[in-house]
Amino acid sequence: MKYFKYNITSLFVLMLLVAVTSCDSLTGEPDTRIPLEETLNEESTGAFLRVLSVDVAGFDYVNLDEAGYVFTAEYSDSEKGGKLENVEFTVSYTSNDYTETPPEIDYAEVKTVPASEFSEREESGLPSKQFEITFEEAITALGIEQSDVELGDSFTIQWTVNTTDGKSFGPESASPPVTGGFYSSPFQARSPVAILIDPEKYVGTYQITQQGPGTFGPVFESMQFEAELSVDPNNTLNGRVFESIAIGSPSFGEYDFPLTFARAANQSDNVLTLSGRVGLGLSCGGPEIIFAPEDDPTLSSFDVTDDSEFSFALVDNVEGACGGAPGTILVRFNAEKVN
């Protein structure tokens with residue numbers, strides 16, 4: 001799914017983004033062949049898995065015996081995928097019952113996937129594969145029991161790419177050019193222990209109302225507008241997405257805005273957040289304009305039995321782009337179902 005659809009036409013943007021030509025944004029279609037020389041620098045990245053889709057974004061708490069984190073990716077290196085040896089996966093576990101700071105996280109090796117299990121992707125000509133880390137594989141590697149795991153706990157999955165020339169590239173190799181945008185190669189993923197949200201719930205047309213201004217005024221096209229909400233194909237477990245939603249007033253582009261509906265044991269502790277940082281690929285010559293999740297449960301609400309309304313919050317312009325205060329503008333929204 002495209003999270004970057006550029007339509008920079010308004011005078012507002014021409015004035016605001018005076019240095020937009022210096023941005024490290026990518027405007028090509030996701031399946032377009034593009035130069036990789038700068039990204040595949042032997043001293044930094046060298047090789048990576050580009051995540052094409054997240055097919056199952058967490059472990060389903062009510063079906064842990066068959067649960068798995070599933071994603072599809074393709075492999076890239078300076079020889080068009082010819083240097084792949086294997087990909088190693090490790091996993092760590094974090095309980096949700098800590099009171100102050102998370103405990104130190106130890107990683108355990110889960111499995112190694114050899115190059116022979118990849119196949120050529122028709123669109124790019126590069127090796128690709130759908131990967132699954134099952135819940136059973138994760139807890140076995142970590143030496144914990146299924147009964148130890150509670151709703152709201154999370155697992156962090158990391159991967160390291162090993163090449164035929166003896167080099168390895170993992171999370172420590174991650175840098176801005178490859179972690180987002182077209183390249184989408186973070187070398188890790190978080191797999192929460194969550195409950196499936198009924199795919200018939202929280203879909204359809206909603207009227208969205210912004211409660212107070214953002215850094216540059218309305219975050220979306222106006223302070224109140226209608227938008228279509230659908231199941232997020234990158235997170236069918238508990239994700240929804242506003243598709244092709246106009247950002248800014250006047251609009252300077254359309255973007256997909258993904259949300260995660262995280263159910264808790266107590267209804268009052270449900271949390272609704274952005275599914276991750278949403279970057280616009282735009283700046284004024286400095287940091288990119290980015291929206292970030294706000295996971296304070298008191299700032300969001302939803303009822304799994306009644307999808308007529310919900311509320312959520314986000315942190316606007318978290319990097320302080322274009323002269324805005326960094327990460328200090330909290331924007332709240334209410335949504336009411338139209339049909």
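Atom CG of Leu84 sits about 11.0 Å away from atom CD of Glu117, to the nearest 0.5 Å. Here Lys111 contributes atom NZ and Thr90 contributes atom OG1; the two are 13.0 Å apart, rounded to the nearest 0.5 Å. Taken to the nearest 0.5 Å, the CG atom of Leu272 stands 9.0 Å off from the CG atom of Asn270.
Residues forming a ring-ring contact (aromatic ring centres under 6.0 Å, His included) with Tyr107 (at least two apart in sequence, or on another chain): none. For Phe261, the ring-ring contact (aromatic ring centres under 6.0 Å, His included) partners at least two apart in sequence or on another chain are Tyr202, Phe302, Phe310.
Here the side chains of Lys129 and Val113 are in contact, with some heavy-atom distance below 4.5 Å. The closest side-chain heavy-atom distance from Tyr61 to Val149 is not below 4.5 Å. Side-chain contact between Glu120 and Leu126 is absent, with no heavy atoms from C-beta onward closer than 4.5 Å. Contact check for Arg240 versus Val231: side-chain heavy atoms found under the 4.5 Å cut-off.
Of all non-hydrogen atoms in Val219 and Gln210, the two that sit nearest each other are N-OE1, 2.8 Å. Between Gly324 and Asn317 the shortest heavy-atom distance is CA-ND2, 3.7 Å. Shortest non-hydrogen contact noted between Asn162 and Ser168 is OD1-OG, 2.6 Å. Counting all heavy atoms, side chain and backbone alike, Pro293 lies closest to Val315 at O-CG2, 4.0 Å. Minimum interatomic distance between Asp55 and Thr236 (heavy atoms only, all atoms of both residues): O-OG1, 3.6 Å. Closest approach of Asp106 and Leu142 over heavy atoms only: O-CD2, 4.1 Å.
Judged by distance alone, with hydrogens and angles left aside, the side-chain atoms of Asp316 form no donor-acceptor pair with the main-chain N or O of Gly214 at under 3.5 Å. Between the Asn266 side chain and the Ser268 main chain, no donor and acceptor come within less than 3.5 Å of each other. The backbone N or O of Asn63 sits nowhere less than 3.5 Å from a side-chain atom of Glu66 that would complete a donor-acceptor pair. No donor-acceptor pair under 3.5 Å is formed between the side chain of Tyr206 and the backbone N or O of Val338. Side-chain atoms of Thr156 do not come within 3.5 Å of backbone N or O of Ser92 as any donor-acceptor pair. Using a distance-only test at 3.5 Å, with no hydrogens or angles considered, no donor-acceptor pair links the side chain of Asn86 to the main chain of Thr112. Side-chain atoms of Asp306 never come within 3.5 Å of backbone atoms of Asp303 as a donor-acceptor pair (strictly under, hydrogens ignored).
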Verdict with reasoning, Gln188 to Ile157, per side-chain contact (heavy atoms from CB on, under 4.5 Å): CA-CA 5 Å; Gln188 65 178 13; Ile157 300 165; over 6 Å; no
Asn334 and Thr209: side chain to side chain donor-acceptor pair (under 3.5 Å), yes or no, with the steps? CA-CA 5 Å; Asn334 290 331; Thr209 303; over 6 Å; no
Between Thr273 and Glu294, does a side chain to side chain donor-acceptor pair (under 3.5 Å) hold up when you go through it step by step? CA-CA 6 Å; Thr273 68; Glu294 171 52 63; over 6 Å; no
Pair Ser300, Ser311 - check side chain to side chain donor-acceptor pair (under 3.5 Å), show working. CA-CA 5 Å; Ser300 66; Ser311 64; 6.0 Å; no
Report the C-alpha separation of Leu274 and Phe257 in whole Å, then their side-chain angles, then the decisive distance to 0.1 Å, and conclude whether the side-chain contact (heavy atoms from CB on, under 4.5 Å) test is met. CA-CA 7 Å; Leu274 290 182; Phe257 229 75; 3.2 Å; yes
Quick one, Phe333 with Leu314, criterion side-chain contact (heavy atoms from CB on, under 4.5 Å). Give me CA distance, side-chain angles, the key distance, then yes/no. CA-CA 9 Å; Phe333 300 88; Leu314 60 81; 3.6 Å; yes
Apply side-chain contact (heavy atoms from CB on, under 4.5 Å) to Tyr69 and Val54, showing your working. CA-CA 8 Å; Tyr69 183 91; Val54 179; 3.5 Å; yes
Determine, step by step, whether Glu319 and Arg277 satisfy the salt bridge (charged side-chain N to carboxylate O under 4.0 Å, His left out) criterion, reporting the C-alpha distance in whole Å, the side-chain angles of both residues, the deciding distance to 0.1 Å, and the verdict. CA-CA 11 Å; Glu319 299 293 341; Arg277 289 160 66 106; 2.4 Å; yes
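Under the 30°/60° scheme for interplanar angles, the aromatic rings of Tyr75 and Phe118 are found to stand perpendicular. The aromatic rings of Phe71 and Trp159 lie parallel to each other, their planes meeting at an angle below 30°, with 60° marking the opposite boundary.
Between Lys337 and Glu309, none of the side-chain N atoms (NZ, or NE/NH1/NH2) sits under 4.0 Å from a carboxylate O, so this pair counts as no salt bridge. Using a cut-off of 4.0 Å between Lys/Arg side-chain N and Asp/Glu carboxylate O, Glu85 and Lys167 are scored as not salt-bridged.
By the neighbour-count criterion of 12 heavy atoms within 6.0 Å, atom CD of Gln146 is densely surrounded, having more than that number from other residues, nucleotides or ligands. No more than 12 heavy atoms of other residues, nucleotides or ligands shown are found within 6.0 angstrom of CD on Glu336.
Hydrophobic clustering, with ILVMFWY side chains joined whenever heavy atoms are under 4.5 angstrom apart, keeps Leu237 apart from Val193.
Aromatic ring centroids of Phe131 and Phe89 lie under 6.0 Å apart.
When only modelled atom types and interatomic distance are considered, Glu228 and Thr205 share a side-chain donor-acceptor pair under 3.5 Å.
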